[in-house]
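Along the sequence shown, residues are numbered consecutively beginning with 1.
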Amino acid sequence: MNIIKKYIIITPYFPSDSSHVGSYIYDQAKTINNVSKFSVKVIKVVSFFSCEVDYIFKGIEVKVFRLIDFPFFILPGVFNWLNSIRIRRFLKNKNLFNDLEVVHSHVCYPSSYLANSIASMLNVKTIVQHHGLDVLQLLNGRFNILARLQSNLIRKRSLEQLNNIGLNVSVSSKVQSNLHSFKGYMPKREYILYNGVDRSKFYNMNVVKSSDKFQIGCIANFWKTKDHITLIKAVELLVFEGVKNLQLTLIGSGQELDFCKNYVVDANLTEYIFFEQERNHSDLNSFYNGLDLFVLPSYYEALGCVLLEAWATDLPIISVRGQGISDLIPNDEIKNLLVDARSPKSLKVKIFDEYKKRRRYLFNPKYDINNTIHEFLAQSFFDEK
């Protein structure tokens with residue numbers, strides 16, 4: 001009888017009935033579970049003081065591991081020796097120890113640290129997947145007085161962990177390039193795994209769109225690097241030039257939200273620009289299908305899942321050149337879909353081009369998550385003893 005091997009995912013982000021954060025990791029876990037020889041289990045890493053308990057989310061078992069650590073990312077990893085002991089006991093207590101073959105960690109700290117701790121006692125394959133451009137999480141520190149000490153500490157400890165991992169996975173070539181910018185980074189093996197899309201969730205619904213109003217959408221946290229203000233100013237330029245049958249809907253929250261709202265009011269743009277709080281993830285396909293164009297003006301972007309989701313509905317997607325999505329934009333679309341960073345004028349020109357064309361931009365099925373995961377699991381890495 002064939003024994004089903006366990007594939008453990010260690011992550012600080014995973015959705016629940018009350019939060020959609022980590023939805024892409026769920027899609028990945030579900031797909032691996034469905035198309036591979038493995039049985040996927042998730043270890044969700046939370047604060048030691050968290051009240052979260054084990055749960056099942058849409059068929060995936062989630063075990064909660066409480067990490068002992070200083071708050072606010074102060075000297076991360078200083079208790080790694082203790083957490084290493086605790087994660088080993090945790091595996092045994094949660095019946096995850098036997099028949100374990102792969103430990104797939106998401107983001108460097110603490111997940112890759114825990115993966116290496118498990119590998120020190122079991123013969124398992126280890127993976128760390130890097131989702132952001134701040135690959136070593138050097139921007140997470142809160143206290144300037146400790147900034148230099150933290151930076152040096154994180155670099156040294158995290159590079160040691162990443163060099164011990166069996167496979168370093170990046171979500172774009174830009175992320176991989178950021179890893180290689182650190183002296184001392186010497187991975188055993190690397191792979192670029194683009195954020196594939198679950199086509200059962202995101203697809204073209206063949207909605208008949210109004211010709212009276214051009215609908216533009218953006219979904220992103222209101223952080224400086226997401227650069228909503230450039231998009232707002234691009235719309236302002238279009239309105240000033242007489243293009244008034246358009247509407248921009250911005251979905252998200254964050255520290256720059258009030259600034260953007262105030263700008264819209266001061267510029268008399270409330271007739272054209274609207275703000276919404278986060279929507280349920282299951283409602284996003286309808287939102288995308290109601291748009292004529294999706295724009296993400298972020299100038300610090302590893303590979304925005306929202307871009308792939310919007311594209312999966314055959315929607316044109318405009319983003320900033322030099323970011324992770326650039327890997328996926330074909331040469332004949334670069335002039336249409338990529339803009340200069342922090343340039344309202346550049347963005348205005350591209351939006352107006354799409355406004356005139358009113359076109360569909362057909363999704364490349366290569367980036368269906370079933371295809372990206374099949375290709376990922378076909379690597380020799382998974383067959384090596």
Side-chain angles (χ1 to χ4, degrees), residues 1-12 14 25 28-45 54 60-68 76-77 79-131 135-136 156-170 176 179 184-193 372-385:
M1 183 177 69
N2 292 330
I3 297 174
I4 299 177
K5 298 291 186 178
K6 293 188 181 74
Y7 188 116
I8 287 181
I9 291 175
I10 303 179
T11 174
F14 204 79
I25 298 177
Q28 186 183 90
K30 180 188 70 172
T31 306
I32 293 172
N33 195 62
N34 289 345
V35 306
S36 73
K37 61 184 179 181
F38 301 113
S39 173
V40 174
K41 312 293 182 184
V42 171
I43 296 177
K44 185 175 181 180
V45 183
D54 297 352
I60 299 293
E61 293 182 25
V62 182
K63 307 296 185 182
V64 174
F65 179 75
R66 292 175 176 79
L67 190 78
I68 295 176
F79 295 113
N80 190 52
W81 63 273
L82 180 56
N83 289 314
S84 293
I85 296 172
R86 294 178 61 246
I87 192 66
R88 296 168 192 173
R89 293 175 179 172
F90 180 88
L91 291 178
K92 292 180 179 179
N93 293 339
K94 299 294 183 179
N95 194 31
L96 298 173
F97 190 89
N98 294 329
D99 304 317
L100 177 57
E101 185 165 319
V102 180
V103 180
H104 185 151
S105 55
H106 287 267
V107 303
C108 181
Y109 182 80
S111 302
S112 71
Y113 287 60
L114 296 174
N116 279 326
S117 296
I118 294 170
S120 69
M121 66 169 179
L122 287 174
N123 182 23
V124 295
K125 297 178 175 66
T126 54
I127 302 168
V128 58
Q129 185 166 345
H130 306 278
H131 291 263
V135 288
L136 298 188
K156 182 176 184 298
R157 287 181 172 172
S158 292
L159 288 173
E160 288 175 354
Q161 297 293 331
L162 299 186
N163 291 343
N164 282 328
I165 289 286
L167 178 66
N168 274 262
V169 173
S170 299
Q176 190 175 92
L179 282 166
Y185 174 63
M186 295 179 288
K188 294 179 179 178
R189 186 175 298 192
E190 292 183 294
Y191 186 82
I192 294 177
L193 175 60
T372 59
I373 293 300
H374 266 296
E375 188 174 342
F376 174 60
L377 294 173
Q379 296 178 93
S380 60
F381 170 80
F382 289 98
D383 296 324
E384 293 172 355
K385 302 298 182 182

- Query: H106: what forms a ring-ring contact (aromatic ring centres under 6.0 Å, His included) with it, not counting sequence neighbours?
  - Reply: H104, H131
- Message: Contact between P12 and V107 at the side-chain level, heavy atoms closer than 4.5 Å - yes or no?
- Response: yes
- Query: Just by distance, do the side chain of K125 and the backbone of E384 share a donor-acceptor pair under 3.5 Å?
  - Reply: yes
- Closest heavy-atom pair and its distance - I165, V128: CG2-N, 3.6 Å
- Query: Taking the side chain as C-beta and beyond, is there a heavy-atom pair between I4 and D99 under 4.5 Å?
  - Reply: no
- Query: Is there a side-chain contact between I127 and F376 (heavy atoms, below 4.5 Å)?
  - Reply: yes
- Query: Do K5 and V102 have side-chain heavy atoms sitting under 4.5 Å apart?
  - Reply: no
- Note on the structure: Applying salt bridge (charged side-chain N to carboxylate O under 4.0 Å, His left out) to K63 and not counting sequence neighbours gives E61
- Could you check I9, I25, V64, I10 and say which one makes a side chain to side chain contact (heavy atoms under 4.5 Å, CB included) with V42? I9
- Nearest non-hydrogen partners of S158 and Y113, listed with the distance: OG-OH, 2.9 Å
- Message: Could you work out, with ring-ring contact (aromatic ring centres under 6.0 Å, His included) as the rule, every residue matching F381, not counting sequence neighbours?
- Response: none
- Atom CZ in R86, atom CZ in F79: separation rounded to 0.5 Å? 11.5 Å
- Query: Does any non-hydrogen side-chain atom of L179 lie less than 4.5 Å from one of S170?
  - Reply: yes
- Smallest heavy-atom separation, K44 atom then F14 atom, equals NZ-O, 3.2 Å
- Query: Roughly how far, to the nearest 0.5 Å, is the CD1 atom of I8 from the CD1 atom of I43?
  - Reply: 4.5 Å
- Query: Do N168 side-chain atoms and L162 backbone N/O form a donor-acceptor pair below 3.5 Å?
  - Reply: yes
- Report the residues that fulfil salt bridge (charged side-chain N to carboxylate O under 4.0 Å, His left out) with K94, sequence neighbours left out, ordered by chain and then residue number. D54
- Message: I'd like to know whether N80 forms a side-chain contact (heavy atoms from CB on, under 4.5 Å) with R157, so could you lay out the CA-CA distance, the side-chain angles of the two residues, the decisive distance to 0.1 Å, and finally the verdict.
- Response: CA-CA 10 Å; N80 190 52; R157 287 181 172 172; over 6 Å; no
- Note on the structure: For K6 and N98, the nearest pair of non-hydrogen atoms, with its separation, is NZ-O, 2.7 Å
- Message: Working to the nearest 0.5 angstrom, can you tell me the gap between S117 OG and L91 CG?
- Response: 10.0 Å
- Message: Under the rule for side-chain contact (heavy atoms from CB on, under 4.5 Å), what residues qualify as partners of L122, not counting sequence neighbours?
- Response: F97, L100, I118, V124
- Task: Go through the structure and list residues passing salt bridge (charged side-chain N to carboxylate O under 4.0 Å, His left out) with K188, not counting sequence neighbours.
- Result: none
- In short, V40 meets N33 closest at the heavy-atom pair N-OD1, 2.9 Å
- Item | Shortest non-hydrogen separation from V135 to C108 and the atoms involved | O-CB, 3.7 Å
- Item | Whether F38 and F382 hold their rings parallel, tilted or perpendicular, with breakpoints at 30° and 60° | tilted
- Query: Got a second to check how far I32's CD1 is from S39's OG, nearest 0.5 Å?
  - Reply: 12.0 Å
- Task: Output the distance between atom CG (L136) and atom CD (Q161), rounded to the nearest 0.5 Å.
- Result: 11.5 Å
- Query: Any side-chain donor paired with an acceptor under 3.5 Å for S111 and S105?
  - Reply: no
- Message: To the nearest 0.5 Å, what is the distance between CZ on R88 and CG on N83?
- Response: 11.0 Å
- Would you say the side chain of Y185 lies within less than 4.5 Å of the side chain of N163, judging by non-hydrogen atoms? yes
- Message: Is it the case that over 12 heavy atoms from other parts of the model lie below 6.0 angstrom from the CD atom of Q379?
- Response: yes
